[in-house]
Amino acid sequence: MKTRSKTIFLLIAAACLIVWSIVTIIPLYWMLVGSVQDSAATASFRPSMLPEAFSFAPYERFFAKTAAWRWLLNSLFISSVLTITNVFFASLAGYAFAKLKFPGSNAIFWVLLSTMMIPAQVTLIPLYILIVNVFNLGDSYTAIILPTAITVGNIFLMKQYMSSLPTSLIHAARIDACSEFGIFWKVILPLAKPGLAVLAIFTFVASWNEFFWPFLITNSTEMRTIQVGLASFVFAESTDFGAIMAGASVGALPMLILFFSLQRYFLQGITIGAVKG
Amino acid sequence: MTTIAPNRVRSSAGRLWREYGWAYLFILAPVLLFLVFTLYPVVSALIMSFQQYNIMNSTWIGFDNYERLFQDATFWKSMRNTVIFTVCTVPVNIIITFVLSYLIYQMKTKWQTFFKATLYLPAVASGVTISIVWLAIFDPTNVGLLNRFLEWFGLDPVIWLGQSKTALFSLILMNWLGSHGAGIILYLASMGGVPKSLYEAADIDHASGWTKFTRITWPLLKPTTLYLLVTGVITSFQVFISVYMMTQGGPNFATTTIAYLIYQTAFQFYEFGLASAQSFVLAFLIILVSVIQFKYFSSDVEY
């Protein structure tokens, strides 16, 4: 009797989960299906839920009307640089805060951390004036990259992660007369690889998806990232359903592919540095 | 006596450098970036909020910006919208996340991974992409998916984003139906950490399922719930992309959130002083609400 009610419960649970999964996935599915239907931008057009009238014409129109290849390259370059700077400097600082107990380390760490609660809107205007008027860097890669080159959040995650690594190896390396940077480079980094991989993936995805700062700081069409360019395209071409869905897909597909190929890192990575409960 | 003191200072500074020089070098780059791109802007914004800002010569006007914004109907409307959005999304999202996690936890490992991946998926798509797709879903003409869904049930089409009655609700609905994957993964990790022995002990005492839930599961998952609550509130207080992409704050300011108002004040009307004052009100609110949450919801759970 007990096992039978348990089976019924499991079936209902599975049914609920499947329904909710479908609801969650439908927008992305509809976007992909809509991006390969030739809509020809008529008012009576109703995009189908099934891939009918299959055609890549919407993608052709999207790429023809925009500088999307350039935007993709910009996004790839910016996200790659941000990933490298964040992984290297955040792990270096995280290691220093976790393992090298130096005078003032706690105070400095808490000052850094306490500013995380201040919303981005506060620093936005001075940051904009600083970059555009003082440093004269408006509309450049440097302007997009510099403010988030090393984020406090990433340093925090790396400090948490580095704390869990064994200290004994550091002492052993120090006795072997390794330089402090040598210890970090040859001993710590290889040990921390799983954590670094997770940090790299999440930084890359977040940088790729970032909208507001690149949107604010870029003027010319050529300097836009794919997200900024996509937004400008939607405001300019609000009637071409197919091309808009193709654009939305172009903005998201690289990350969806990344997710499918590195799923394990995504699903396990979130718990790194999060609360224990 | 007088000759010893400077020597000691020099030697202790030298010792500090010899022993810890590397450590300071390791944190140098982030500390410099922090000083230039966080600390300086915060101080500068605070000063700006008391000024009639002008690139060349700003004039000090005391609390005028703050007085102005507290008398501004649009500011209060944006506060109201932001609070409604937060109160409607965050608790509901946590309940949805918790129920889904609880259901997934009952499944076999293989299915757990499947559902985790599926429910996480939309989180990797950008806010711009998601907004574009939902813009089409809410479309009031015959493109819109949601009205076609209503049509199935013989219901009349709704102008989701185009009228002030439903615009904010539409953004809330979109948020409910978004990805809860990250929270689900955190909850599942915590559920795996609850000792089985507690449930076995409860079974011996013939505790009901509800008792086990209220006495064991929920209290032990409290830290995760608190984390989701605090981060959820902070995020939704700053909601911007969907507003910018889908409604531009309209119609009739029905979806103007505080983050969107700050953007408009600063970069459409170029009132930097007023925008800074608005941003400090937002910062104050976020910090206040976070502290309250920590105070009232956190409790040291030992097990």
Side-chain angles (χ1 to χ4, degrees), chain A residues 10 13 16-17 20-21 23-25 27-28 30-31 46-47 89 92-93 95-96 100 102-103 108 112 115 117-119 121-127 130 133 146-147 149-150 155 180-181 205 209 211-212 216 227 230-231 234 241 244 248 251-252 255-256 259 263 266-267 270-271 274-275 277, chain B residues 16 20 22-23 26-27 29-30 33-34 37-38 41-42 44-45 48 55 100 103-104 106 115-119 121-122 124-129 132-134 137 142-143 145 177 179 182 185-186 189-190 221 223-224 227 238 240-241 245 259 262 266 272 275-276 279-280 282-283 286-287 290:
Chain A
L10 280 180
C16 292
L17 285 171
W20 194 272
S21 299
V23 170
T24 307
I25 292 300
L28 290 179
W30 195 52
M31 167 188 84
R46 295 195 112 184
F89 287 107
L92 192 61
Y95 163 68
L100 309 173
F102 54 93
I108 298 172
L112 291 180
T115 54
M117 249 202 256
I118 297 173
Q121 284 81 5
V122 168
T123 52
L124 203 63
I125 297 164
L127 204 55
L130 193 67
N133 297 336
L146 217 46
I150 314 166
I155 295 175
E180 285 297 323
F181 185 76
V205 175
N209 290 340
F211 172 72
F212 192 66
L216 207 60
Q227 305 305 334
L230 188 54
V234 172
F241 177 80
I244 287 171
M255 295 305 104
L256 295 178
F259 177 75
Q263 210 193 83
F266 276 94
L267 298 186
I270 291 169
T271 50
V275 283
Chain B
L16 205 66
Y20 304 109
W22 279 106
F26 286 179
I27 62 162
L33 283 186
F34 171 81
F37 294 121
T38 304
V42 169
S44 172
M48 225 180 261
I55 296 263
L100 289 172
L103 295 180
I104 292 174
Q106 316 300 320
F115 284 120
K116 271 196 280 189
T118 313
L119 294 171
L121 190 64
V124 299
S126 70
V128 174
T129 287
I132 293 172
V133 177
W134 277 92
I137 290 174
N142 45 17
V143 171
L145 205 56
L177 300 179
S179 172
I185 290 166
L186 289 176
S190 317
L221 295 181
T224 309
Y227 176 79
Q238 299 180 59
F240 175 82
I241 295 185
M245 292 294 299
I262 293 170
F272 283 176
S276 294
S279 76
F280 271 98
L282 173 65
I286 286 181
I287 292 167
S290 301

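Lettering of chains follows the sequences in order, A, B, ..., and the numbering in each one begins at 1.
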Quiz item: Heavy-atom distance under 4.5 Å to chain B: side chain of A:Q263, backbone, both or neither?
Solution: side chain

Quiz item: What closest approach, in Å, do A:A96 and B:A23 show between heavy atoms, and which atom pair accounts for it?
Solution: CB-O, 4.1 Å

Exercise. Counting only heavy atoms closer than 4.5 Å, note whether A:L146 contacts chain B via side chain, backbone, both or neither.
Key: both

Quiz item: Any side-chain heavy atom of A:L256 within less than 4.5 Å of one from B:L121?
Solution: yes

Exercise. Select one option (side chain, backbone, both, neither) describing which atoms of A:I155 are under 4.5 Å from chain B's heavy atoms.
Key: side chain

Exercise. Mind listing the closest non-hydrogen atom pair of B:A275 and A:I125 along with its distance?
Key: CB-CD1, 3.5 Å

Practice problem: Using non-hydrogen atoms and a 4.5 Å limit, figure out which bit of A:F181 sits close to chain B: side chain, backbone, both or neither. | Solution: both

Practice problem: Supply the atom-to-atom distance B:T118 OG1 to A:W20 CH2, rounded to the nearest 0.5 angstrom. | Solution: 14.5 Å

Exercise. Against chain B, work out which of A:T115, A:I244, A:I108 has the most heavy-atom pairs shorter than 4.5 Å and name it.
Key: A:T115

Quiz item: Considering only heavy atoms, which portion of B:F240 lies under 4.5 Å from any heavy atom of chain A: side chain, backbone, both, or neither?
Solution: side chain

Self-check item: Reported CD1-to-CG distance for the pair B:I27 and A:L112, which is rounded to 0.5 angstrom
Solution: 7.5 Å

Quiz item: Where do A:P27 and B:V133 come nearest, in terms of heavy atoms and distance?
Solution: O-CG1, 3.3 Å

Quiz item: Looking at A:M31 and B:T129, what are the two nearest heavy atoms and their distance?
Solution: SD-CG2, 3.6 Å

Quiz item: Between B:K116, B:Q106, B:Q238, which residue shows the highest count of heavy-atom pairs closer than 4.5 Å to chain A?
Solution: B:Q238

Quiz item: Which atoms of B:F26 come close to chain A, meaning under 4.5 Å heavy atom to heavy atom: side chain ones, backbone ones, both, or neither?
Solution: both

Quiz item: So, for A:P126 and B:P41, which heavy atoms are closest and what is the spacing to 0.1 Å?
Solution: CG-O, 3.2 Å

Quiz prompt | Options A:L10, A:T123, A:L267, A:N133, ranked by heavy-atom pairs under 4.5 Å with chain B, top entry | solution = A:L267

Quiz item: Which answer fits B:I137, side chain, backbone, both or neither, if we ask what part of it has an atom under 4.5 Å from a heavy atom of chain A?
Solution: both

Quiz item: How long is the gap from CD1 on B:I286 to CD1 on A:I118, to the nearest 0.5 Å?
Solution: 10.0 Å

Quiz item: Among A:L230, A:L124, A:T24, A:L92, who wins on heavy-atom pairs under 4.5 Å with chain B?
Solution: A:L92

Quiz item: Considering only heavy atoms, which portion of B:I132 lies under 4.5 Å from any heavy atom of chain A: side chain, backbone, both, or neither?
Solution: both

Exercise. Working to the nearest 0.5 Å, report the span between CG of B:L119 and CD1 of A:I25.
Key: 7.5 Å

Practice problem: Quick one: which of A:A231, A:A93, A:A248, A:G251 has the most heavy-atom pairs under 4.5 Å with chain B, could you say? | Solution: A:A248

Quiz item: Run the side chain to side chain contact (heavy atoms under 4.5 Å, CB included) check on B:F37 and A:L127 step by step: do they pass?
Solution: CA-CA 6 Å; B:F37 294 121; A:L127 204 55; 3.4 Å; yes

Quiz item: Quick one: what part of A:F102 sits under 4.5 Å from any heavy atom of chain B, side chain, backbone, both or neither?
Solution: both

Quiz item: Is chain B contacted by the side chain of A:L17, its backbone, both, or neither, given a heavy-atom distance below 4.5 Å?
Solution: both

Exercise. Kindly indicate whether the side chain of B:I185, heavy atoms from C-beta on, has any atom under 4.5 Å from the side chain of A:F266.
Key: no

Quiz prompt | Top contributor to chain B interface from A:V23, A:L28, A:V205 [non-hydrogen pairs under 4.5 Å] | solution = A:L28

Practice problem: To the nearest 0.5 angstrom, please state how far the CG atom of A:N209 sits from the CD1 atom of B:I241. | Solution: 8.5 Å

Quiz prompt | Residue B:M245 versus chain A: region with a heavy atom under 4.5 Å | solution = both

Self-check item: Minimal non-hydrogen separation, A:Q121 against B:L282, with atom names
Solution: OE1-CD2, 3.7 Å

Quiz item: Side chain, backbone, both or neither: which part of A:V234 has a heavy atom under 4.5 Å from chain B?
Solution: side chain

Practice problem: Output the option from A:F211, A:F259, A:F89 having the highest count of non-hydrogen pairs under 4.5 Å with chain B. | Solution: A:F259

